[in-house]
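Heavy-atom basis, side chains included; hydrogens, waters and symmetry copies ignored. Numbers here are sequence positions counted from 1.
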Amino acid sequence: GGEGADCFCSVRHGLAFILQLCNFSVYTQQMNLSIAITAMVNGTTAPSQPNASTERPPTGSQDHWNVTLRELKAPAYDWTPEIQGILLSSLSYGSFLAPIPTGYVAGVFGAKYVVGVGLLISSVLTLFIPLAADAGVALVIVLRVIQGVAQVMVLTGQYSIWVKWAPPLERSQLTTLAGSGSMLGTFVVLLVGGLLCQTMGWPYVFYIFGGIGCACCLVWFPLVYDDPGTHPFISTAEKSHIVCSLAQEDCVPGWSLPIKAMIKSLPLWAIVVSYFCEYWLFSTIMAYTPTYISSVLQANVRDSGLLSALPFVVGCVCIILGGLLADFLLSRKLLRLITIRKLFTAVGVLVSSGILLPLPWVRSSLSTTMAFLVLSAAFSSLCEAGALVNFLDIAPRYAGFLKGLLQVFAHISGAIAPTAAGFFISQDSEFGWRNVFFLAAVIDIFGLVIYLIFGRAEVQDWAKEQMLSHL
């Protein structure tokens, strides 16, 4: 059955596009607070800068912008930097427990309902955030924690769908197509969010992106099915193509996880540690770029959204380029796989954290700061082709479980890092940012050292033993 096999109008590509939309909408709901918080809090400008007027153009834009806010009657709250840090990382508080049970639940109820319900809960709660903010900050934190769990349902549950829908050879293109929605969402919410805050008031950032999520659910429930067999309008050619290609793979997913061997496996620990350390830097940047740009560089919210979106676009492009470069070096046998993984990780970590360190000293110049942030994003995305994908090399058959495990550590660092950053900034507004960047760089480089010492790229013994016993 070749006809329906590889045209882009196939059902499985349609599924990838719907999932792209879901990922888009989840990420807009993840990032909307990062941009909206710059407008929700009054007085985001850093207090201890008496000489600001000498270094910067006159702050006419700032005054004009405060006037617009008053006309919009969007409330502003007196949240301390610590509270802002807790708010920005509250999504990760509940979600670091969620990836593992989500995989199990998806197996029982079907991935369709896990993803759909997760998206619905997340979207509905997004609509209620402006009301919750009026009721008090504690309620917002509770909503964000529940939202975090719901979003993990969407982001982890979708992998169970591809198990039944993606032919092995198309797996990476279908998952990356679906996953590209996340970067797109980050980009759009920063770009549009800044404009919305300035023109309609910040509550509309939550109303509009919550609404898009609800609309997405209306597409999801009627059009998506758990496996090709039950899909009503799939061509028989495509159905047989998917079923046959999956049958050839004959994988025994085996729930007997070699937990003991995993705990003893140093290469796996190297990946776990570097995941945690790289996500520390990443989650700090994700959460605080808009705040940094609006408070330290004194940009208004619209510009701050526009400028914050830049590093993410560049990062998005560089992830793809980095993957292509790594594949090229490998296929031409120019470097060994482990050399590629370690080289990419080292360059990514050292350059991206090295560029962040001098940031507080160049804050008088907007263009220099932006150039540094963009370069940092470009290089840190090289780690995606390094340590962050390395788990596929050492244990391909447990990829799903390990991805969930690594997400747990990514979420733990996402829960700690922005909270810690808020604490530093509230302690000392002058040197706070310097400490935030310094700590992130130190942690990142520590993770790199561990990875360079213990990282491996060949399939580990514990990931291939059962294969022999089947033969």
**Request:** Quick one: list whatever passes side-chain hydrogen bond (donor to acceptor under 3.5 Å, both in side chains) with T419, sequence neighbours left out.
**Result:**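 Partners of T419 by the side-chain hydrogen bond (donor to acceptor under 3.5 Å, both in side chains) criterion, ordered by chain and then number, come out as S89, Y93.
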**Message:** Can you give me the closest heavy-atom contact between S308 and L190, atom names plus distance?
**Reply:**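 Looking at all heavy atoms of both residues, the closest pair is O-CD1, 3.7 Å.
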**Side-chain heavy-atom pair V436, Y288 within 4.5 angstrom cut-off** = no
**Request:** Please list, chain by chain and in numerical order, all residues satisfying side chain to side chain contact (heavy atoms under 4.5 Å, CB included) with A377, sequence neighbours excluded.
**Result:**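 By the side chain to side chain contact (heavy atoms under 4.5 Å, CB included) rule, A377 matches P311.
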**Qualifying residues under side-chain hydrogen bond (donor to acceptor under 3.5 Å, both in side chains), relative to S365, sequence neighbours excluded** = S367, T368
**Prompt:** Checking K342 side chain against L452 main chain: does a donor-acceptor pair fall under 3.5 Å?
**Reply:**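 Present.
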**Asked** Counting heavy atoms not belonging to F379, are there more than 12 under 6.0 Å from its CZ?
**Response**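 No, not enclosed.
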**Message:** Checking E384 now: which residues fulfil side-chain hydrogen bond (donor to acceptor under 3.5 Å, both in side chains) with it, not counting sequence neighbours?
**Reply:** none
**Prompt:** Okay, side chain of T38, backbone of S34: is any donor-acceptor separation there less than 3.5 Å?
**Reply:**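 Not at all, since once roles are kept as given, no pair shorter than 3.5 Å links the two residues.
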Compile the donor-acceptor pairs under 3.5 Å between side chains in residues 274-282 and protein atoms, sequence neighbours left out, one pair per line.
residue	atom	partner	partner atom	Å
S274	OG	A270	O	3.1
S274	OG	I271	O	3.1
Y275	OH	K403	NZ	3.4

**Complete:** Sorted by chain and residue number, the salt bridge (charged side-chain N to carboxylate O under 4.0 Å, His left out) partners of D227 (sequence neighbours excluded) come out as none
**Message:** Parallel, tilted or perpendicular: which one describes the rings of F221 and Y113, with boundaries at 30° and 60°?
**Reply:**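 F221 and Y113: tilted rings.
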**Asked** What closest approach, in Å, do G194 and I35 show between heavy atoms, and which atom pair accounts for it?
**Response**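 Of all heavy-atom pairs spanning G194 and I35, the closest is N-CG1, 3.8 Å.
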**Prompt:** Excluding sequence neighbours, so at least two apart, what forms ring pair (Phe, Tyr, Trp, His ring centres under 6.0 Å) with Y225?
**Reply:** H231
**Request:** Could you list the residues that satisfy ring pair (Phe, Tyr, Trp, His ring centres under 6.0 Å) with F312, not counting sequence neighbours?
**Result:** none
**Asked** Hey, would you say the Y292 and F437 ring centroids sit under 6.0 Å apart?
**Response** yes
**Item:** N/O donor-acceptor pair under 3.5 Å between S90 side chain and L87 backbone
**Value:** yes
**Message:** List the residues meeting side-chain hydrogen bond (donor to acceptor under 3.5 Å, both in side chains) with N23, not counting sequence neighbours, and say none if there are none.
**Reply:** Q158
**Item:** Residues in ring pair (Phe, Tyr, Trp, His ring centres under 6.0 Å) contact with Y27, at least two apart in sequence or another chain
**Value:** none
Only pairs under 3.5 Å count here: list side-chain donor-acceptor contacts from residues 140-152, not counting sequence neighbours, and write none if there are none.
residue	atom	partner	partner atom	Å
R144	NH1	Q29	O	3.3
R144	NH2	Q30	O	3.2
Q147	NE2	S122	O	3.3
Q147	NE2	T126	OG1	2.7
Q151	OE1	Q30	NE2	3.3
Q151	NE2	S122	OG	3.1

**Partner residues of W162 under the ring pair (Phe, Tyr, Trp, His ring centres under 6.0 Å) criterion, sequence neighbours left out** = none
